[in-house]
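Step one of this worksheet: look at the structure below.
Please read all numbers here as calculations on a predicted model, not as lab measurements. Side chains are part of it too, since the values below use all heavy atoms of this structure and drop only hydrogens, waters and symmetry mates. All chains are named by letter (A, B, ...) in the order of the sequence lines, taking the proteins before the strands, and each is independently numbered beginning at 1.
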Amino acid sequence: MAVGHEPRIVGFLCNWCSYAGADVAGTSRITYPPNIRIIRVPCSGRVDPLLIVKSFQMGADGVLVAGCHPGDCHYSEGNYHARRRLAVLRPFLEYLGIERERLRVEWVSASEGRRFSQVVSSFTEQLRKLEPRKGAEVEVSS
Amino acid sequence: MNATEQIVAKARELLESGTVECVIGYERATDGVNARPLFVYQAEEAGKLIFDQTCAHNLAKYLLNRKGKATAIVAKPCDVRAVNLLINEHQVERDKVLIIGVVCPGMVETKWGRVSEKLRQACELCREHTPVVYDFLVGEPGDEEAAVEYPDVARMEALSIEERRAFWEEQFSRCIRCYACRQACPGCYCSECFAERLDPLWVGIRIAPSESWIWNTMRAFHLAGRCIGCNQCERVCPMNIPLSLLNRKLEKETLELFGYRAGVDAETPAPFATFRKDEKLEVGE
């Protein structure tokens, strides 16, 4: 591990469950590592694999996709579609040389503030054990 | 009658009777070695049609330009699966397409103005010689097809993650992003490709490894569960990037996870178009 390297995580949180869960963590004063940069999406089904691949291209050490538990999707079935796509994307990224652990998918409900904190903490710890992304370049977009 | 004669006779009959307006097939290219696509509109021109082991193009792509018009197409087993894919995705109407299926001996490499004996790599790995569906068949249907195998993908998977990363870095570094892979692919028909979007700029126009990386990754992923393995992308790649290794990995994954192979029929919904509530996919568990 490089000295002083802090993993950077891009977190795609669904508006209805996980984003609210992160909010609960905040209002309950539950701490979680600041390594995550949260992007609110309407549904985990909105998370186009392109967004994840783009995050990795731009140098993210890890990507977290969090949505409602199966069966609880606000749009009935968005997370089921997300699950299928991510189930294929993860081994594919691994095939390209991006460790399986770098893409994490979790179901976090609107009341699970503590669980959200645990997820981000354990994910950050997991990423600390890996080398910083090699060959990834940080770009400044205009 | 050999394959060429059968195709010529059938094309002539179809055009004379007015069953179709156009027959898409192959003719000899001007170099006298390769084949090239031919669109026959007049029965008198049907004689130009040929079929042999140089007819490597997947002509299904051209059906996209003939939506709603009665068209016959000369199709090998992989091409027929591409037609199925397009029907499944509502790009082509089944009753407007007349499939002249050809029992495929496998296509050979043509290099430096010569036809070699060597089968193309995709054909060497291919176990399908009889089209899954056809309106008219050229050749004798073969026996039961053997199971699909992925020895090439397994070899890649056996490498360490660093080795794979280095391998793809090297391969993608050659990419000149000419997008020939996309143009040749029957599954790539978006009127506006993500690579052409300027805002957001998903794929930058500068020459940089990371831009080629995102292009090749997403091109392959957009065909996850859709690629029918005709290997046109690799055939047309001027930089010889082994794109089939990416496509076949995704093919293998969707086969293992969902038991699905694209284009085998035109009805089964694609894996990403459907789901099962109770499935266990090792995601979010």
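Under the rule for a ring-ring contact (aromatic ring centres under 6.0 Å, His included), B/His129 has no partner lying at least two apart in sequence or in another chain.
One distance of note links CD of B/Glu253 with CZ of A/Arg90; it measures 11.0 Å at 0.5 Å rounding. To the nearest 0.5 Å, atoms CZ (A/Arg100) and CD (B/Glu282) are separated by 6.5 Å. Atom NZ of A/Lys54 and atom OG of B/Ser210 lie 7.0 Å apart (nearest 0.5 Å).
Within a 6.0 Å radius of CZ in A/Arg46, no more than 12 heavy atoms belonging to other residues, nucleotides or ligands are found.
Of the residues considered (A/His69, A/Glu94, A/Glu106), A/Glu94 shows the highest number of contacts with chain B, using heavy-atom pairs under 4.5 Å. Contact count against chain B (heavy-atom pairs under 4.5 Å) is highest for A/Arg83 among A/Arg104, A/Arg83, A/His81. Ranked by heavy-atom pairs under 4.5 Å with chain B, the list A/Ile98, A/Leu86, A/Leu89 is led by A/Leu89. Across B/Asn216, B/Leu250, B/Val153, the residue that shares the most heavy-atom pairs under 4.5 angstrom with chain A is B/Leu250. Options B/Phe272, B/Trp213, B/Phe167 differ in how many heavy-atom pairs under 4.5 Å they form with chain A, and the most are formed by B/Phe272.
Looking at every heavy atom in both residues, B/Pro271 comes nearest to A/Arg84 through O-NH1, 2.8 Å. When all heavy atoms are compared, the tightest approach of A/Pro49 to B/Met218 is C-CE, 4.0 Å. The two residues B/Ala224 and A/Val88 make their nearest non-hydrogen contact at CB-CG1, 4.4 Å.
Remark: the backbone N or O of B/Gly284 is paired with a side-chain donor or acceptor of A/Trp107 at under 3.5 angstrom.
For a residue to count as touching a neighbouring chain, one of its non-hydrogen atoms must lie under 4.5 Å from one of that chain's; by this rule B/Phe258 touches chain A with the side chain only. Heavy atoms of B/Glu163 lying under 4.5 Å from chain A are absent altogether. With a 4.5 angstrom heavy-atom cutoff, B/Thr254 touches chain A only via side-chain atoms. Contacts between B/Leu281 and chain A at a heavy-atom distance below 4.5 Å involve backbone atoms as well as side-chain atoms. Contact of B/Ser160 with chain A is not made at all, since no heavy-atom distance falls under 4.5 Å. For B/Ala273, the part lying under 4.5 angstrom from a heavy atom of chain A is the backbone only.
Within residues 198-205 of chain B, the residues approaching chain A closer than 4.5 Å by heavy atoms are, in numerical order, B/Leu201, B/Trp202.
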Worksheet item: B/Glu157 and A/Tyr95: side chain to side chain contact (heavy atoms under 4.5 Å, CB included), yes or no, with the steps?
Response: CA-CA 7 Å; B/Glu157 286 170 339; A/Tyr95 188 74; 4.0 Å; yes
Worksheet item: Passes side chain to side chain contact (heavy atoms under 4.5 Å, CB included), B/Leu246 versus A/Phe92? Steps please.
Response: CA-CA 8 Å; B/Leu246 296 174; A/Phe92 184 57; 4.0 Å; yes
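A/Leu50 has its side chain out of reach of B/Phe221: every pair of non-hydrogen atoms, C-beta onward, lies at least 4.5 Å apart.
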